[in-house]
Amino acid sequence: MDTSMPSQALLISVAVDAPLMTPFTYGVPDKLRTSVTPGIRVLVPLGKRTVTGYVLRITASPPDGIRIVDILDVLDTSPLVPPEHLPFYQRMAAYYHHPLGETLATALPSGLNLSDRSMVVLTDKGQHAGPEHPFNCFLDKLARKPIPLQKLQGMEKKQVTQLLEEGLVAIERIFSPKKASPRTRKTYAVTDGMQPPLSTSPARLSLWEWLKENGPADTGRIQQVMPSPTASLRWLREKGLIAEGEVRIFRDPLGDTVEQDSPPRLNDEQKSAVQTILDHMNRGFHRFLLHGVTGSGKTEVYLHLVEACLERGKTAIVLVPEIALISQIAGRFRARFGEKVAVLHSGLSKGERLDQWEKILSGELPLVIGARSAIFAPVLKPGIIIVDEEHDPSYKQDTGLRYNGRDMSILRAQLENCTVVLGSATPSVQSFENARNGRFSLLKLTRRVNQRPLPEVSLVDLREMKQASGVERYISRPLYGAMKTALEKGEQVLLFLNRRGYAGFPVCGACGEIVRCRHCDISLTLHRKANAFLCHFCGFSMASGPLCPSCRAPEVRVLGMGTEKVEAAAHYLFPDARILRMDQDTTGKKGQLIRMLRQIRNREVDILVGTQMVAKGHDFPGITVVGILNADLGLSFPDFRAGERNFQTLAQVAGRAGRGELSGRVILQTYNPDHYSIRTACSQDSEAFFKEEITTRRMLGYPPFSRMIQIRISGEKEERVQETARMAAEAAKSASSGKVRILGPAEAPIARMAGQFRHQILLMGTDIACLNESAMAAVDIRVSGVRLLMDVDPYSML
DNA sequence: AGCACGCCGACT
DNA sequence: GTCGGCGTGCTC
């Protein structure tokens, strides 16, 4: 490496994959000149390290006072990020106050970036150190694999210093192994102008002749005509009669094939929605909110829009909140558009993701369906971006770069100058407000397809059920009756409860203490199968028993209920019914959820018991009765959006009823029959809910009448965290120009999580510049052992 | 992030 | 008196 003589002319601006808020300038040596282009990844020196960076542009002026070094290599043959998408990532990085390099690393298929680390390795001499060496144990460990220098602690660190002197170990910079790479397969073809000697074996000869006929072929194809061709192939190759080549093969994440279908007739509402959107499609950036009641055929509208878009030679992106929904929706799109559909979501292996990415990049797949990260799909010139179930909280990423896929869709559509459609049966308050103030055009689908009526909802006031005993306390008489009728007719029943596990929370009857997680400040949940109390946040578990961890009295009892208990109750009431429980505990493994969804659709299940995840847009035609066991659970979250989320969940669950030929019934059990989120959920009246909710939001100045940035402060030492939070709030205040409301610092609703104390500050304001200024000042506070992070537009206050 | 530099406590 | 702890700052 020649760093002493920076190259002459070509300078590039590079976003390095490191937490750096500004791009760095590097030189390009002559031999790499021709391969460097914006969007391509390069290997660059950064301090003592070597890391991956993304070329942003050719730059003329180097920053002064800095010694420019050369890039070491170019990692791709063509850009993985289309250069025209770089402005989008720049805007996104700025919006979320996130380093551009890391933003790009989040967007691209993971496992591609290279970086090196100092590792302790065994030298030749070290390999031959006898077992009598005092540090034999450590040497053995090293013989298995090198250890990162940073990971060493105490004892081992001392040993390394000594071993270095003895020359038994060395420190080397080693690249972490790549986790994803293109898959290739060897192919064989006859060499032009060569003839095999006639004297050779018939097997070799016939293989050569077959290859001559059938062109380049991979081993898979060759094996179909010749069972074990390896030896013959080697012989032919050694004689120069055939040549070996390589083809890229693509892993296909879309397992089974689907039958082609043809578009059904749209009803008038659907037709007019499609027409309105299409009229705008060639006229640049335009935002639509498609508000269609559950079962109104929004997907069919999307299909028509995409069809028109593809016909015009443009590409399209469809965002769906959950992986389980992707398989369902992708199926419908594939049935219509065949092989043009790409899928992108976290359920793919790294290799599959990379392959999909490159096929999209090449223009082979013009239609992308995926979870929030699919908004980064490298399609060129999208004509439309569709966000289905736009209200869904899972569009917000809650680790690392905390972006919102829906919001980024709008940003991308704006930069791509195209149409964006947000669709939902229960639009977010934010989107409704945008429709009201004219930023979005509102389109409505008010009727279910095929004249199916909306399900009839009856309320059961749980306060009147206090004297009921046994199962009747959570499956009320009216619900039981409805279930019985449905089951007798061979129809399916859905029981919804917002909490998994066996029951609510364990409480000590003697001291009244709730059994809480040792690491997080939340109550534990009894899981019957595991005989354990489990923490739903950090996964901590302890044996379940009556002994109170606080006062040692054997009086711990479990109050409330969870899906497991409901499952047991349903089994007790209907011993012959086939019951399926669907929650995070039963759908953990890959593919399990999809298998369950198939079981339900195939009528292999009579009663489905589930949490949130059953509420999400699934189409279960056999379900006629939906029981919502406790409609109030969602209201207890310490979050200004609790009401909104509660309404959406309830309305969505209710919407699962009566989607097939038969009409549906919903029985909603609640302690708060008068709460507006429950009242409006009963009539599935999103606009009525919005009207009530927006008044409160306006009064309190909450979003959408302001924006929020949350600062989270966490660390192991409580006083330090508390003190840092105070300082950060102070800094936020003095940088706010008096235009930002500062709430807190306060303990987070879960004050302790995974051994970390947590405090938070909420910044709220309408002056976005000041809000950003204030937040930046807050996270600028640096205290060792304490982490500060910024969550722009937070979704969960936990 | 990861690595180096630099300033204070418990040891040969 | 050093060794090594971690707190602080920089990386084109």
Side-chain angles (χ1 to χ4, degrees), chain A residues 1-29 32 36 38 40-74 93 97-106 110-120 146-165 170-176 399-401 715-717 719-721 723-724 727 779-790:
Chain A
M1 174 171 60
D2 177 21
T3 46
S4 59
M5 283 289 280
S7 92
Q8 333 54 32
L10 191 59
L11 292 175
I12 52 174
S13 182
V14 176
V16 181
D17 186 5
L20 302 166
M21 294 307 286
T22 47
F24 280 5
T25 308
Y26 287 89
V28 180
L32 296 174
V36 166
I40 218 158
R41 294 179 310 139
V42 288
L43 206 56
V44 298
L46 183 70
K48 298 269 161 172
R49 303 184 295 146
T50 301
V51 296
T52 303
Y54 304 86
V55 177
L56 300 177
R57 60 195 168 84
I58 312 292
T59 171
S61 51
D64 29 84
I66 284 161
R67 209 173 62 111
I68 306 279
V69 300
D70 279 355
I71 63 164
L72 303 169
D73 208 351
V74 175
H97 301 275
H98 201 76
L100 180 54
E102 291 189 344
T103 303
L104 283 156
T106 308
S110 58
L112 292 171
N113 282 359
L114 292 170
S115 71
D116 66 352
R117 291 208 290 176
S118 293
M119 305 279 262
V120 185
I147 298 169
L149 189 58
Q150 270 202 317
K151 279 243 176 89
L152 297 180
Q153 40 196 13
M155 199 56 177
E156 290 182 335
K157 211 163 187 172
K158 277 183 201 151
Q159 299 190 355
V160 166
T161 348
Q162 199 175 323
L163 288 166
L164 272 168
E165 274 169 31
I171 290 171
E172 267 178 41
R173 300 208 56 91
I174 295 180
F175 280 98
S176 49
T399 53
L401 169 52
E716 274 177 25
K717 295 195 184 113
E719 328 78 64
R720 268 197 170 185
V721 172
E723 176 60 11
T724 312
M727 283 159 61
V779 293
D780 217 37
I781 301 290
R782 247 165 265 258
V783 174
S784 70
V786 180
R787 277 165 48 85
L788 287 110
L789 65 88
M790 218 195 280

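Note that the coordinates shown come from a computational prediction; the quantities given were computed from them, not determined experimentally. All values below come from the heavy atoms of this structure, side chains included, with hydrogens, waters and symmetry mates left out. Order of the sequence lines fixes the chain letters, A, B, ..., with proteins taken first and strands second; residue numbering starts at 1 for each chain.
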Response to the item:
When rounded to whole Å, the CE to P distance for the pair A:M119 and B:dC3 reads 10 Å
Practice prompt. May I have the distance from A:L152 (atom CG) to B:dC3 (atom C1'), rounded to whole angstrom?
Written response: 14 Å
Discussion item. Can you confirm whether A:F24 sits close enough to A:V44 that some side-chain heavy atom of one is under 4.5 Å from a side-chain heavy atom of the other?
Written reply: no
Discussion item. Treating A:R117 as the side-chain partner and A:L149 as the backbone partner, does any N or O pair qualify as donor plus acceptor under 3.5 Å?
Written reply: no
Discussion item. For a quick test of reading the model: is some side-chain N or O of A:R117 closer than 4.0 Å to OP1 or OP2 of B:dC3?
Written reply: no
Practice prompt. Keeping the roles fixed (side chain from A:D116, backbone from A:R173), state whether a donor-acceptor pair exists under 3.5 Å.
Written response: no
Worksheet, complete the sentence: The contact string for nucleotides 2-12 of chain C, one letter per nucleotide 5' to 3', using protein heavy atoms under 4.0 Å with B, S and - for base, sugar-phosphate only and none, comes out as --SS-S---BB
Worksheet item: If you round to the nearest 0.5 Å, how far is CE of A:M21 from NE2 of A:H97?
Response: 7.5 Å
Item to complete: Using whole Å, report how far NZ of A:K151 lies from C1' of B:dC3.
Response: 16 Å
Worksheet item: Ignoring hydrogens and geometry, is there a side-chain-to-backbone donor-acceptor pair from A:Y26 to A:P45 under 3.5 Å?
Response: yes
Fill in: Approximate separation, where rounding is to 0.5 Å, of A:L56 CG and A:T25 OG1
10.0 Å
